[in-house]
Amino acid sequence: MTPSATAAPAATTQVLKVVNEFYESNPFPGFNPGKYETRRDLVARASWYGKMIDAEIPYGASVIDVGCGTGQLPCFLALKDRRVMGVDYSQHSLDLARTLASRLALKNVEFRRVNILDWDMPPRAFDYVFCNGVLHHTSDPYKGFQNLVAITKPGGFVVVGLYNRYGRLMLLIRRRIVRLLSLFDRKAKDRAIKKQLVELEDDEEKRRTWFADQYEHPHESTHTVAEVLRWFDDNGLDYVSSFPKIELFGAEPKRMFKPRHVAQWRSNPVAHLLVQLTWILTQNAGGGYYVLVGRKRP
Ligand SMILES: C[S@@+](CC[C@H](N)C(=O)[O-])C[C@H]1O[C@@H](n2cnc3c(N)ncnc32)[C@H](O)[C@@H]1O
């Protein structure tokens with residue numbers, strides 16, 4: 001399961017290299033080890049997203065977090081009796097993840113170094129496959145997606161978090177403004193960190209890596225809802241849910257793995273486009289990040 005050394009096109013190798021260098025310097029999401037000393041700390045600092053997943057995934061399930069970064073999510077999910085794996089290409093991130101797991105004495109979580117585009121993970125092995133914020137930092141997001149589907153059991157779930165083409169527009173504008181201001185004002189970056197990330201918990205290391213991830217990343221792509229739903233269709237997945245919702249009107253879903261059933265007029269390509277246009281304004285704080293959940297057909 002180690003990264004393969006087989007020949008890859010130069011662009012692919014180059015993207016992997018610059019992205020990896022970035023994450024070796026900015027392990028994500030990063031954390032201050034002093035704030036994660038006990039299992040209780042991990043629970044207290046879990047995101048709403050982690051808590052929602054935790055409430056829905058049954059005991060005994062096999063779970064993988066692909067591109068797990070510094071490993072808080074897999075460690076959190078391993079607090080319950082599940083078989084959890086976290087994989088990533090960044091050695092520094094994995095070192096932090098392993099340190100966290102061993103500090104919390106978690107025996108049911110394992111971390112491995114792999115490249116999502118070139119791996120030999122076992123097919124149809126996992127009930128729940130998460131890939132949050134990773135594919136858009138690779139040279140071939142669609143190939144990465146196909147690899148996720150391959151390791152999912154029939155009837156299992158695939159969760160992908162990506163930057164949206166519309167939702168990310170404002171962030172891209174802000175990024176340019178901050179870069180421009182930084183030419184004249186050395187403190188512009190510090191102010192942007194404070195201003196944009198006030199809602200982040202009081203962890204300086206997390207704030208720094210969030211800023212780098214959003215404003216200084218060397219490689220990212222953006223993806224529309226229509227594009228990802230096409231990936232689902234072409235690879236035998238049924239759409240289950242999304243965060244934020246891709247349907248017109250109605251409340252945000254409260255459950256991740258419960259299929260959304262809404263009237264066709266609320267969920268079709270035109271409805272999805274209209275919703276994404278609203279994301280230009282409503283999703284810019286999160287950089288246009290969204291999550292789509294699919295279920296592999298049995
Ligand atoms: C933005 S971070 C997301 C971390 C975590 N999933 C989260 O949501 O907090 C992206 C992660 O993807 C990893 N990554 C990027 N390209 C990868 C690849 N080709 N194979 C495996 N991991 C990769 C990076 O090392 C990094 O840890």
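Because the structure is a prediction, the values reported are computed rather than measured.
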Quick one, [X] and [Y] - any side-chain contact, counting heavy atoms below 4.5 Å?
| X | Y | answer |
| --- | --- | --- |
| Asp234 | Tyr142 | yes |
| Leu172 | Arg176 | no |
| Tyr166 | Thr278 | no |
| Val160 | Phe232 | yes |
| Leu135 | Trp231 | yes |
| Glu216 | Asn26 | no |
| Val109 | Arg98 | no |
| Val66 | Trp119 | yes |

Looking only at non-hydrogen atoms, find the nearest pair between [X] and [Y] and report the distance.
| X | Y | result |
| --- | --- | --- |
| Leu248 | Arg266 | O-NE, 2.6 Å |
| Thr152 | Leu148 | OG1-O, 2.8 Å |
| Phe257 | Val159 | CE2-CG2, 3.8 Å |
| Leu117 | Gly144 | CD2-N, 3.5 Å |
| Pro244 | Tyr289 | CD-O, 4.2 Å |
| Ser242 | Leu292 | CB-CD2, 3.3 Å |

Main-chain N/O of [Y] paired to [X] side chain as donor or acceptor, under 3.5 Å:
| X | Y | result |
| --- | --- | --- |
| Asn147 | Ile116 | yes |
| Asn20 | Leu16 | no |
| His137 | His219 | yes |
| Lys296 | Val149 | yes |
| Arg112 | Val87 | no |
| Arg82 | Gly60 | no |

Do the side-chain N and O atoms of [X] and [Y] include a donor-acceptor pair separated by under 3.5 angstrom?
| X | Y | answer |
| --- | --- | --- |
| Asp213 | Tyr23 | yes |
| Gln72 | Thr70 | yes |
| Gln283 | Asn164 | no |

Do [X] and [Y] share a hydrophobic cluster (ILVMFWY, side-chain heavy atoms under 4.5 Å, transitive)?
| X | Y | result |
| --- | --- | --- |
| Val158 | Met121 | yes |
| Leu273 | Val262 | no |
| Leu162 | Leu237 | yes |
| Phe157 | Val63 | yes |
| Val84 | Tyr59 | no |

Besides Leu180, the hydrophobic cluster formed by Ile, Leu, Val, Met, Phe, Trp and Tyr side chains linked at under 4.5 Å, directly or via other members, contains Leu183, Phe184
Cation-pi between Arg168 and Tyr163: NZ/CZ under 6.0 Å from ring centre and within 45° of the ring axis?
yes
Validate the cation-pi geometry between Arg103 and Tyr36: distance from NZ or CZ to the six-membered ring centre under 6.0 Å, angle to the ring axis within 45°.
no
How far does [atom1] of [X] sit from [atom2] of [Y], to the nearest 0.5 angstrom?
| X | Y | atom1 | atom2 | result |
| --- | --- | --- | --- | --- |
| Ile246 | Leu274 | CD1 | CG | 12.5 Å |
| Cys68 | Leu73 | SG | CG | 9.0 Å |
| Phe22 | Ser90 | CZ | OG | 10.5 Å |
| Met85 | Leu77 | CE | CG | 14.0 Å |
| Asp65 | Asp88 | CG | CG | 8.5 Å |
| Thr282 | Gln276 | OG1 | CD | 11.0 Å |

Is the distance between the ring centroids of His223 and His136 under 6.0 Å?
no
[X]: what forms a side chain to side chain donor-acceptor pair (under 3.5 Å) with it, not counting sequence neighbours?
| X | result |
| --- | --- |
| Asp238 | Arg297 |
| Tyr128 | none |
| Asn132 | Tyr49 |
| Asp127 | Ser62, Lys153 |

Could you check whether Lys17 pairs with Glu24 (Lys NZ or Arg NE/NH1/NH2 to Asp/Glu carboxylate O, under 4.0 Å)?
no
Short N-O contact, Lys80 and Asp54, less than 4.0 angstrom:
yes
Derivation and outcome, side-chain contact (heavy atoms from CB on, under 4.5 Å), residues Tyr89 and Val114
CA-CA 5 Å; Tyr89 195 69; Val114 302; over 6 Å; no
For the pair Glu220 and Arg165, evaluate salt bridge (charged side-chain N to carboxylate O under 4.0 Å, His left out) and give the outcome as yes or no after the intermediate values.
CA-CA 11 Å; Glu220 65 181 47; Arg165 187 154 302 158; over 6 Å; no
Residues pairing under side-chain hydrogen bond (donor to acceptor under 3.5 Å, both in side chains) where one sits in residues 252-263, two or more places apart or in two chains, turn out to be Glu247-Arg260
Does the pair Asn284 and Leu171 meet the rule for a side-chain contact (heavy atoms from CB on, under 4.5 Å), with working shown?
CA-CA 6 Å; Asn284 76 81; Leu171 188 283; 5.7 Å; no
Step by step, would you call Val275 with Lys245 a side-chain contact (heavy atoms from CB on, under 4.5 Å)?
CA-CA 8 Å; Val275 171; Lys245 67 183 168 60; 5.7 Å; no
Checking side-chain contact (heavy atoms from CB on, under 4.5 Å) for the pair Cys131/Val134: CA distance, chi angles, key distance, verdict?
CA-CA 6 Å; Cys131 189; Val134 182; 3.7 Å; yes
